[in-house]
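Below is one structure, written out as structure tokens; comments come after it.
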Amino acid sequence: MQRLYALAVVLSLALLLGCGSSRASDSAVRETVERGVAQLSEPQTTEQLHDDLVHTLRQLRGEHASTATGRIGRALAIEGFTWTLRGIDARLEMTRNDSGNLEASVRDAVRADRDLRKGARLLRAAGRSLGIRIGKQI
């Protein structure tokens, strides 16, 4: 009887600890997304924003959400930050490689705009999944 009681106590503790870690795991994803979105509105150079996005993506890929909504939000955030990074890369290409070449500049500007808009839509969807309000400014 004591073994059964001890087993019940151990299982109860495991369940309680598991519930706490799931919230902690999802909150880590949520905090990373909030920090990444905040970086998008900070005044900084395009190169610095590129580096910040790479860091945010690396951090998000290393975190694991434990709830279904957390996993969906994480996946959407990774995709959103990836598209945003592609848009930033297009901006960098435009300034580095296209000086004097109007056609290439327009092509890179269109690509940057398209990728940044797609990234913003995905990040807003991630925010909805994670309970974060992300405005139209990104």
Side-chain angles (χ1 to χ4, degrees):
M1 191 65 162
Q2 275 186 322
R3 281 186 157 188
L4 188 60
Y5 178 75
L7 182 62
V9 169
V10 169
L11 286 175
S12 298
L13 286 174
L15 287 173
L16 284 175
L17 292 175
C19 291
S21 66
S22 71
R23 270 186 255 122
S25 177
D26 285 353
S27 68
V29 170
R30 185 174 197 251
E31 289 171 9
T32 302
V33 171
E34 286 175 330
R35 240 187 338 269
V37 169
Q39 290 170 344
L40 295 174
S41 60
E42 291 177 4
Q44 57 186 325
T45 65
T46 308
E47 290 86 2
Q48 181 61 44
L49 181 56
H50 176 274
D51 294 344
D52 288 346
L53 286 171
V54 167
H55 175 75
T56 298
L57 275 167
R58 187 177 304 127
Q59 192 172 2
L60 261 178
R61 287 182 177 128
E63 293 172 350
H64 299 286
S66 56
T67 65
T69 56
R71 287 188 292 274
I72 290 168
R74 177 183 169 270
L76 286 167
I78 288 172
E79 197 171 345
F81 283 122
T82 300
W83 278 99
T84 303
L85 184 60
R86 287 180 60 168
I88 296 300
D89 285 341
R91 278 188 183 173
L92 287 170
E93 288 177 29
M94 187 172 48
T95 58
R96 289 181 190 149
N97 303 329
D98 299 342
S99 62
N101 186 345
L102 184 60
E103 187 177 309
S105 292
V106 169
R107 183 186 63 242
D108 285 340
V110 167
R111 185 170 55 114
D113 185 54
R114 181 192 64 227
D115 293 351
L116 289 169
R117 278 188 283 121
K118 185 168 185 171
R121 278 193 311 270
L122 289 163
L123 288 172
R124 282 192 291 275
R128 283 190 299 274
S129 178
L130 294 168
I132 304 168
R133 177 154 163 58
I134 300 175
K136 297 278 186 184
Q137 72 273 12
I138 64 163

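As the structure is a computational prediction, the values presented were derived from the model and not from experiment.
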Can you find a pair of side-chain heavy atoms, one from Arg35 and one from Thr56, that are under 4.5 Å apart? no
From CD (Glu47) to CZ (Arg96), nearest 0.5 Å: 6.0 Å
Measure across Ala28 and Glu63 and return the closest heavy-atom pair with its distance rounded to 0.1 Å. O-OE1, 3.3 Å
Could you state the interatomic distance from CG (Leu85) to CD1 (Ile78), rounded to the nearest 0.5 Å? 13.0 Å
About how many Å separate CG of Asp26 and CG of Leu130, when rounded to the nearest 0.5 Å? 7.5 Å
Are any of the side-chain heavy atoms of Thr84 and Leu53 separated by less than 4.5 Å? yes
Not counting sequence neighbours, which residues clear side chain to side chain contact (heavy atoms under 4.5 Å, CB included) with Gln44? List them please. Gln39, Glu42, Gln48, Leu49, Asp52
Hits for salt bridge (Lys or Arg N to Asp or Glu O under 4.0 Å) against Arg117, two or more places apart or cross-chain, chain-then-number order -> Asp113
Residues Arg124, Arg128; criterion side-chain contact (heavy atoms from CB on, under 4.5 Å); working and verdict: CA-CA 6 Å; Arg124 282 192 291 275; Arg128 283 190 299 274; 4.0 Å; yes
Residue pairs, two or more places apart or on separate chains, that pass salt bridge (Lys or Arg N to Asp or Glu O under 4.0 Å) and touch residues 80-89: Arg86-Asp115
May I ask you to decide if Ala112's main-chain N or O and Arg91's side chain share a donor-acceptor pair within less than 3.5 Å? no
With heavy-atom distances below 4.5 Å as the criterion, would you say the side chains of Phe81 and Val54 are in contact? no
Can a donor-acceptor pair be found, under 3.5 Å and without considering hydrogens, that links the side chain of Ser129 to the backbone of Thr69? yes
Any Arg111 side-chain heavy atom under 4.5 Å of Arg107 side chain: no
One should read off an interatomic distance between His50 NE2 and Thr45 OG1, to the nearest 0.5 angstrom, of 11.5 Å
All heavy atoms of Arg30 vs all of Gly131, minimum pair found to be NH2-O, 2.7 Å
Separation between CG of Leu122 and CD of Glu79, rounded to the nearest 0.5 Å: 5.0 Å
For Arg74 and His64, indicate whether the former's side chain and the latter's backbone hold a donor-acceptor pair under 3.5 Å. no
State the CG-NE2 distance between Leu60 and His55, to the nearest 0.5 angstrom. 10.0 Å
